[in-house]
**Student:** 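Below you will find the structure I want to go over with you.
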Amino acid sequence: MSFTVQTSLDTKVPNVIELLGPASATVVHDISGSLRLQVQKAVQLKQLSVTFVGEAFESATMRTVKSEPITLHRIEVQAIKTATLYQPGDYTIPFQISIPGNISTTDCSLLKAFSLIWGYELITVAVPSSLLGRRKTIRQPITFKRLLVPQSDLSDARYSAKRPNEIECSMLVPKFMSTTDTKISARVFMHPLNSASRVKSIVAMAIQQEKIQMTNNNITEGVSASVAGIVEDMNPMISSDAAKTFSNTVTLTNPDQEEFSAAWGREHPVELDLDILSNELVATETLDWVKITHGVRFTIEFADSTVRNLVVMAPIQVGNVLDEPWSLQAEPDGSKPPGYGDEESVLLDSNTSRVSRNELHRALYPERVPLVPDLVDDMPPMYDYEDEKQPIPYSQC
């Protein structure tokens, strides 16, 4: 053995890349790292490279399938431009790889409902010039996490729904929840406008909707490949659409089971708590080819059995919360990096320093804009029946 090579990234946690904020196609993150070359006997290398690779497989177990993988990303960086002779000793060679800001996290790739699993690797290749020299290839799995910084005092989101001349309702749910939360608290106001629309009961549950759609073509564009935009293909190879509950189901009945009083939920809201079932709960993901969305599904059941149930989904954003106070470095010109309220995301690496949460907020949001963007434009409330009118626009309480 004439030499060894190791690769490391300048991240807080080895082989874990953390991005602050939602996915953004307009941002490219420069991930820095270094190659450590230890030479025991003089060797000339004609290739020394680091390649970031993202691949998807039609299998529950990576690298055991015989079918060709789908290339999500392939970004190669050459550490040397020409054949280079290295004498015995230790060498540290820095490198930088540009990663797209709309990359999918590795959390949601483990969902059992998907027939697809994807992952990322750094592949380091060192090739001696000598015909007798042995090529060295090192693979390192990479984990991608996306973190959010929620406000310390988040108001609820209110989704209002009505059937003209029949009933008006307002559902209040948290605007944001962490993947580590154990409970969702919700409130419901109801105002029946006629006797036939008096409410018998309310059924609530938290839903995680999982959708993926991908073609079977490997997409290649220069040194980088991405599946963004390919979902418009008329014949996708992989398509999965599923929904599952991630809480218990709560049913609350009108205390007046004889007359079904219209006062229930009118003056004071009907309050309920949903216990979170953490198994397979992952953060919200809204890329072109994979979408994970969440919400509380309310079913209003009427005393008159001939009246169709009113079913409404109130969206909730779910995310991994930044649990340590980290600051963001200023740009060389002194300007501050963008906050994700402006549809940008920020790389957290070993160059960031610990500060208080309030200082981090001020760095991200100098104008004190909301730390969690409104979701009304991206995930409006949904009815189960197409002929229902859309709810009253989103508002805060």
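All values below come from the heavy atoms of this structure, side chains included, with hydrogens, waters and symmetry mates left out.
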**Student:** Taking C-beta and beyond as the side chain, do V77 and T51 meet within less than 4.5 Å on heavy atoms?
**Tutor:**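 Not in contact.
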**Student:** Going by the salt bridge (charged side-chain N to carboxylate O under 4.0 Å, His left out) test, which pairs reach into residues 78-100, not counting sequence neighbours?
**Tutor:**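 For residues 78-100, and leaving out neighbouring residues, the salt bridge (charged side-chain N to carboxylate O under 4.0 Å, His left out) pairs sorted by first residue read R36-D90.
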**Student:** Would you compute the distance between atom NE2 of H191 and atom CD of E166 and round it to the nearest 0.5 angstrom?
**Tutor:**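 Output value for this atom pair is 13.5 Å.
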**Student:** Report whether V188 and L252 are members of the same hydrophobic cluster (ILVMFWY, side-chain heavy atoms less than 4.5 Å apart, transitive linking).
**Tutor:**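 Result: yes, single cluster for both.
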**Student:** Do K41 and F3 meet the cation-pi criteria used here (NZ or CZ under 6.0 Å from the six-membered ring centre, within 45° of the axis)?
**Tutor:**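 Checked: cation-pi criterion not met.
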**Student:** Take T106 and T143, measure what side-chain hydrogen bond (donor to acceptor under 3.5 Å, both in side chains) needs, and give me the verdict at the end.
**Tutor:** CA-CA 6 Å; T106 47; T143 298; 4.6 Å; no
**Student:** T284 vs H294, test: side-chain hydrogen bond (donor to acceptor under 3.5 Å, both in side chains). Steps then yes/no.
**Tutor:** CA-CA 7 Å; T284 300; H294 305 83; 3.1 Å; yes
**Student:** Does the side chain of L85 reach to within under 4.5 Å of the side chain of Q87, using non-hydrogen atoms?
**Tutor:**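 Side chain of L85 against side chain of Q87, heavy atoms only: contact under 4.5 Å found.
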**Student:** Backbone N or O of I103 within a donor-acceptor pair of the R146 side chain at under 3.5 Å?
**Tutor:**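 Such a contact is found between R146 side chain and I103 backbone.
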**Student:** Does anything in residues 260-269 form a side-chain hydrogen bond (donor to acceptor under 3.5 Å, both in side chains)? List the pairs, not counting sequence neighbours.
**Tutor:**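 Pairs touching residues 260-269 that pass the test: none.
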**Student:** Would you say the side-chain atoms of T179 pair up with the backbone N or O of N320, donor to acceptor, closer than 3.5 Å?
**Tutor:**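 No, the answer is negative, given that no donor and acceptor are paired below the 3.5 Å cut-off.
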**Student:** Answer whether the closest heavy-atom distance between the side chains of I17 and I31 falls below 4.5 Å.
**Tutor:**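 They are in contact (side-chain heavy atoms under 4.5 Å apart), so the answer is yes.
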**Student:** State, yes or no, whether a side-chain contact exists between I316 and K175 at a heavy-atom distance under 4.5 Å.
**Tutor:**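 No; the side chains remain at least 4.5 Å from each other.
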**Student:** Verify side-chain contact (heavy atoms from CB on, under 4.5 Å) between I142 and L9, making sure each step is shown before the conclusion.
**Tutor:** CA-CA 10 Å; I142 298 296; L9 294 176; 3.9 Å; yes
**Student:** Quick check: do V321 and L147 have side-chain heavy atoms less than 4.5 Å from each other?
**Tutor:**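 Side chain of V321 against side chain of L147, heavy atoms only: no contact under 4.5 Å found.
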**Student:** Give, for atom OH of Y86 and atom CG of L45, the distance between the pair rounded to the nearest 0.5 Å.
**Tutor:**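 Output value for this atom pair is 6.0 Å.
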**Student:** Could you walk me through whether R187 and E271 satisfy the salt bridge (charged side-chain N to carboxylate O under 4.0 Å, His left out) test, starting with their C-alpha distance in whole Å, then the side-chain angles of each, then the deciding distance to 0.1 Å, before giving a yes or no?
**Tutor:** CA-CA 5 Å; R187 294 171 288 161; E271 299 182 349; 5.5 Å; no
**Student:** List the steps, then state whether side-chain hydrogen bond (donor to acceptor under 3.5 Å, both in side chains) holds for Q209 with T293.
**Tutor:** CA-CA 5 Å; Q209 296 175 308; T293 56; 3.3 Å; yes
**Student:** Would you check if there is a donor-acceptor pair between the side chains of T7 and T124 at a distance under 3.5 Å?
**Tutor:**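 A donor-acceptor contact under 3.5 Å links the two side chains.
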**Student:** Rounded to the nearest 0.5 Å, what's the gap from CG on L287 to NZ on K211? Could you check?
**Tutor:**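 Separation between the atoms: 13.5 Å.
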**Student:** Answer yes if the side chains of S247 and D275 hold a donor-acceptor pair under 3.5 Å, and no otherwise.
**Tutor:**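 S247 vs D275: no donor-acceptor pair found between side chains.
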**Student:** Does either side chain, that of S185 or that of D273, offer a donor lying less than 3.5 Å from an acceptor on the other one?
**Tutor:**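 A donor-acceptor contact under 3.5 Å links the two side chains.
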**Student:** Taking M190 as the starting point, is it possible to reach V307 by hopping between hydrophobic residues whose side chains are less than 4.5 Å apart?
**Tutor:**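 Yes; M190 is reachable from V307 via cluster members.
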**Student:** Taking atom types as modelled, find out whether E285 and T105 have a side-chain donor-acceptor pair closer than 3.5 angstrom.
**Tutor:**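 Checked: E285/T105 side chains pair up, N/O donor to acceptor below 3.5 Å.
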**Student:** Check side chain to side chain contact (heavy atoms under 4.5 Å, CB included) between P141 and all other residues, then give those that pass, not counting sequence neighbours.
**Tutor:**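 Side chain to side chain contact (heavy atoms under 4.5 Å, CB included) list for P141, sorted by chain: empty.
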**Student:** Apply side-chain hydrogen bond (donor to acceptor under 3.5 Å, both in side chains) to Q40 and Q38, showing your working.
**Tutor:** CA-CA 7 Å; Q40 291 82 38; Q38 294 181 303; 5.3 Å; no
**Student:** To the nearest 0.5 Å, how far apart are CG in D156 and CZ in R158?
**Tutor:**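 Result: 10.5 Å between the selected atoms.
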**Student:** Measure from the side-chain N and O atoms of D256 to the backbone N and O of E258, and report whether any donor-acceptor pair falls under 3.5 Å.
**Tutor:**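 Pair found, side chain donor or acceptor close to backbone of E258.
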**Student:** Enter the distance from T84:OG1 to Q44:CD here, rounded to the nearest 0.5 Å.
**Tutor:**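 Going from the OG1 atom of T84 to the CD atom of Q44 covers 7.5 Å.
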**Student:** Start with the C-alpha distance between I138 and I123, add both sets of side-chain angles, then the distance that settles side-chain contact (heavy atoms from CB on, under 4.5 Å), and finish with yes or no.
**Tutor:** CA-CA 6 Å; I138 302 173; I123 303 177; over 6 Å; no
**Student:** Evaluate the side-chain proximity of V203 to F298: yes if any heavy-atom separation is below 4.5 Å, no if none is.
**Tutor:**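 Not in contact.
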**Student:** Measuring from I292:CD1 to E210:CD, what's the distance to the nearest 0.5 Å?
**Tutor:**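 The distance works out to 5.0 Å.
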**Student:** Using only atom types and a distance under 3.5 Å, with no angle test, would you say the side chain of D181 pairs donor to acceptor with the backbone of K183?
**Tutor:**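 Checking the backbone N and O of K183 against the side chain of D181, no donor-acceptor pair under 3.5 Å is found.
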**Student:** In terms of hydrophobic clustering (I, L, V, M, F, W, Y; side-chain heavy atoms under 4.5 Å; direct or indirect links), are L277 and M177 co-clustered?
**Tutor:**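 No, L277 does not connect to M177 through the hydrophobic network.
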**Student:** Find out if a path of hydrophobic residues (ILVMFWY) with successive side-chain heavy-atom gaps under 4.5 Å connects F260 to F189.
**Tutor:**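 No; F189 is not reachable from F260 via cluster members.
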**Student:** Given F176 and V318, is the side-chain contact (heavy atoms from CB on, under 4.5 Å) satisfied, shown in steps?
**Tutor:** CA-CA 6 Å; F176 173 88; V318 177; over 6 Å; no
**Student:** Could you label the plane-to-plane angle of the Y120 and H73 rings as parallel, tilted or perpendicular, counting under 30° as parallel and over 60° as perpendicular?
**Tutor:**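 Y120 vs H73 ring planes: tilted.
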**Student:** Taking N165's backbone N and O only, do any of them form a donor-acceptor pair with N194's side chain (distance below 3.5 Å, no angle check)?
**Tutor:**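 Present.
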**Student:** Please assess L310 against T299 for the test side-chain contact (heavy atoms from CB on, under 4.5 Å), listing each intermediate value before the final yes or no.
**Tutor:** CA-CA 6 Å; L310 176 62; T299 301; over 6 Å; no
**Student:** So does E259 get a backbone contact from the side chain of R198, meaning a donor-acceptor N/O pair under 3.5 Å?
**Tutor:**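 A pair under 3.5 Å: yes.
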**Student:** So, S201 versus T251: side-chain donor-acceptor pair below 3.5 Å or not?
**Tutor:**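 Short answer, no.
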**Student:** Report yes if the side chains of I207 and V296 come closer than 4.5 Å at any heavy-atom pair, otherwise no.
**Tutor:**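 In short, these two side chains do not touch, never coming nearer than 4.5 Å.
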**Student:** May I ask you to decide if V199's main-chain N or O and E301's side chain share a donor-acceptor pair within less than 3.5 Å?
**Tutor:**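 No, because the side chain of E301 does not come within donor-acceptor range (under 3.5 Å) of the backbone of V199.
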**Student:** Linking I/L/V/M/F/W/Y whenever their side-chain heavy atoms sit closer than 4.5 Å, directly or via other members, would L193 and V312 fall into one cluster?
**Tutor:**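 Result: no, two separate clusters.
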**Student:** Does any non-hydrogen side-chain atom of L35 lie less than 4.5 Å from one of Y91?
**Tutor:**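 Y91 vs L35: side chains apart.
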